[in-house]
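Below, chains carry the letters A, B, ... as their sequence lines are ordered, and counting in each starts from 1.
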Amino acid sequence: MIKAGIDIGSVTTKCVIVKDGVIFGKAITKTPLNIEKAIDNVLQKAIEEAGIKEEEIKEFVSTGYGRKQCKKANRFITEISAVAKGGHIFGGKKSCLIIDVGGQDTKVVEVNDRGLVTGFLMNDKCAAGTGRFIEIMSNILETDINGFSSLAMSSKNPIKINSTCSVFAESEVISLITSLTPREDIAAGLFNSIALRITTMVRQFKNIDRILFCGGGAKIPALKYYLEKNIEKELFVLHEPQFVSAYGAAMIE
Amino acid sequence: MKRYNTFIGQQYLKILKYLTDKRKNISFDYKNEIEKYRKASDLKTMNYLYEVISKKKINIDKPIVGYFCKTIPEEIIIAVGATPLRLCNQDIYCAEIGEEIIPGDICPVIKAICGYLQNDIKIDLLVIPATCDGKTKLAEILTPIFNDRIYFIDIPRNSDYIENIDLWESAYLKFYDYLKNRFKAKPSRKELLSVCKMTNKRTEIFRKIYQLRGEKTGIINSFDYFILTSASFYLSPSDWSEHAEILYKELLGKVVKQNYRKRILLAGSPIIFPNFKILEIIEDSNCYIASDILCSGYGHLFDPVKIDEETELGIIRALTLKYIAPNLCPCFLGIDKLLNAILENMDKYTLDGVVYYNLRLCNVFEIEIPILKDILKNKGIPLLVLKTDFSREDIGQLKTRLEAFIEMLK
Ligand code: SF4
Ligand code: SF4
């Protein structure tokens, strides 16, 4: 059976076409103000890649913060259940803890061996510890996210950044720049502070033997590195980390 | 209270004047909110209760004793011939005004109280208990405005009644003496007794509604329920009981149409009109609040005065027990009582989970969460903490959390 999963996040919209549990087509785009347009856009691209016709899709499931605005959807589920489902399947169907670092929010979801959510945490309404924070900081350091990550990885002497609030961190970083602190040490300090914040969330769960990592944040090597350092555990980055929720939505029974 | 007027600088007085001018721009009748929640109601009796809230129907023929918190014994206020008025407030606009008096990272309820006091109700005496730090300091902050119209009631933080009943009792006795002097009243033992009978009647009818709500899913939505409980801040116990009785009869004959997905227990910070944000989120997700243990409803109305000895002292002792023994407020020592209340309710009404409302910047409620989480987890009871303030920008996020919680319950 062919299904479509659409994940309308605050920063990007993702779509996957799934046939018998396997991804056949996928697409991603920035979420504009006009959400409908983004949905059409990713859906068409994903359909093209899958080489199918829209009529063949038996079920549309939408998730993410804009899920209710997807008119095509027959079902809505929250991004928590979606990422749990997707992560559980991609992660080998065992009980696990999933860290999902997205554009506006970061989630930590505890999943049992049957793929059911047993607990979850989401960051507060501020941007600290989310993709948005990483983006803002890379702008201040006048680089892009990849450059920001490489900078951090090359640091030998990460400094301590105290603020996790994006507004305060900005002024802290600017004063560090003017005091001629090496950029790579600032970058490393920033990643460390984000990782620390996420680690506090992870520590709220008892079972942290298997930790999976997904969302846009999972594509950033420095974030993974500093998370592993703080949690003192290896993280498994999931296949197609940005599409885990969309896939999970399509796979929900 | 000591007077601090001599210490007040020009700046403070300027602020007060400014606030008095500013309050003219606020309407305290909450037309829009009332409309919104009334529309969701299918109960005829509720019309009157909504009106009580919007028109603030209180008995102004008697002196008005405004107070905060459920730890103030209303009975003795009524006995001296005054009207008790619970002033706890959670209005975002009031909090904005209050911001000018107490800026900073302080609980918004404290700020809202400051703002709310700018309304037109003439308060003859303001009673503030030593519950949380914010309320305690509020007594000082408000002194320049209220001068000698303020009474600070110093109750101990340990609400273990076996250990501490004497301390509580003496605080209440002192308060009672103060009230008698202030309002030149000498209520007889019989009068005090009849007031207790009146509040007991209120408890009786409240318990019937509380139980019916727990047993019959959908019988009353949470807006109506909290309007009903909030109306008890304004109406005299006998007036409230009269309307609650009519409402109860209406509920018994009601045919429930709406289908709810889950039945939950609401715990945590008080919910007070017009801040029904948490209720909106829960109703929107089609969850039924089958029970609550909040101090704004349950805590205010659930417990009776049980009098052993009909002397004045005996009655005051019974009142002390009414207000401290079942006290679940986290300002006090005694989390075991809260846990028992949760477990008992979960069991009695077979509920699916607990939603704990944590008002941002209220430390006392937040500090209990780790213990609560741990114990409920061990008992296999699902718990969701919703931490938020009065602002509306995070409604989407909170809904996602609640919906994920519901999906988890399936
Ligand atoms: S939360 Fe506690 S201190 Fe505040 S009003 Fe309720 S009982 Fe009183
Ligand atoms: S909400 Fe908390 S901090 Fe605020 S007044 Fe009530 S008990 Fe005090």
(message) Between Glu79(A) and Lys399(B), does the salt bridge (Lys or Arg N to Asp or Glu O under 4.0 Å) criterion hold? Intermediate values first, please.
(response) CA-CA 12 Å; Glu79(A) 48 269 45; Lys399(B) 270 190 192 159; over 6 Å; no
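- When Lys206(A), Lys68(A), Arg67(A) are compared by the number of non-hydrogen pairs under 4.5 Å with chain B, Arg67(A) comes out ahead.
- Atom CE of Met122(A) and atom OG1 of Thr400(B) lie 5.5 Å apart (nearest 0.5 Å).
- For the 3.5 Å distance criterion, the side chains of Glu403(B) and Thr78(A) fail to qualify, holding no donor opposite an acceptor.
- Gln204(A) has its side chain within reach of Lys373(B): a pair of non-hydrogen atoms, C-beta onward, lies under 4.5 Å apart.
- Crowding of Lys93(A) atom NZ: a count of heavy atoms from other residues, nucleotides or ligands under 6.0 Å not exceeding 12.
- Other residues, nucleotides and ligands place more than 12 heavy atoms under 6.0 Å from the NZ atom of Lys233(A).
- By the neighbour-count criterion of 12 heavy atoms within 6.0 Å, atom NZ of Lys36(B) is densely surrounded, having more than that number from other residues, nucleotides or ligands.
- Annotation: side chain of Met408(B) is not in contact with side chain of Thr118(A) (no heavy-atom distance under 4.5 Å).
- The number of heavy-atom neighbours closer than 6.0 Å to NZ of Lys72(A), taken from other residues, nucleotides and ligands shown, is above 12.
- Atom CZ of residue Arg401(B) and atom CG of residue Asp105(A) lie 8.5 Å apart, to the nearest 0.5 angstrom.
- The number of heavy-atom neighbours closer than 6.0 Å to NZ of Lys387(B), taken from other residues, nucleotides and ligands shown, is above 12.
- Interface residue Leu384(B): only side-chain heavy atoms are found under 4.5 Å from chain A.
- Residue-level contacts of residues 331-343 of chain B with chain A do not occur; threshold 4.5 Å between heavy atoms.
- Note that the CD atom of Glu407(B) and the CZ atom of Phe120(A) stand 9.0 Å from one another [nearest 0.5 Å].
- Neither the backbone nor the side chain of Lys107(A) comes within contact range of chain B, judged by heavy atoms closer than 4.5 Å.
- Under a cut-off of 6.0 angstrom, the local environment of CD in Glu344(B) is sparse, with at most 12 non-hydrogen atoms contributed by other residues, nucleotides or ligands.
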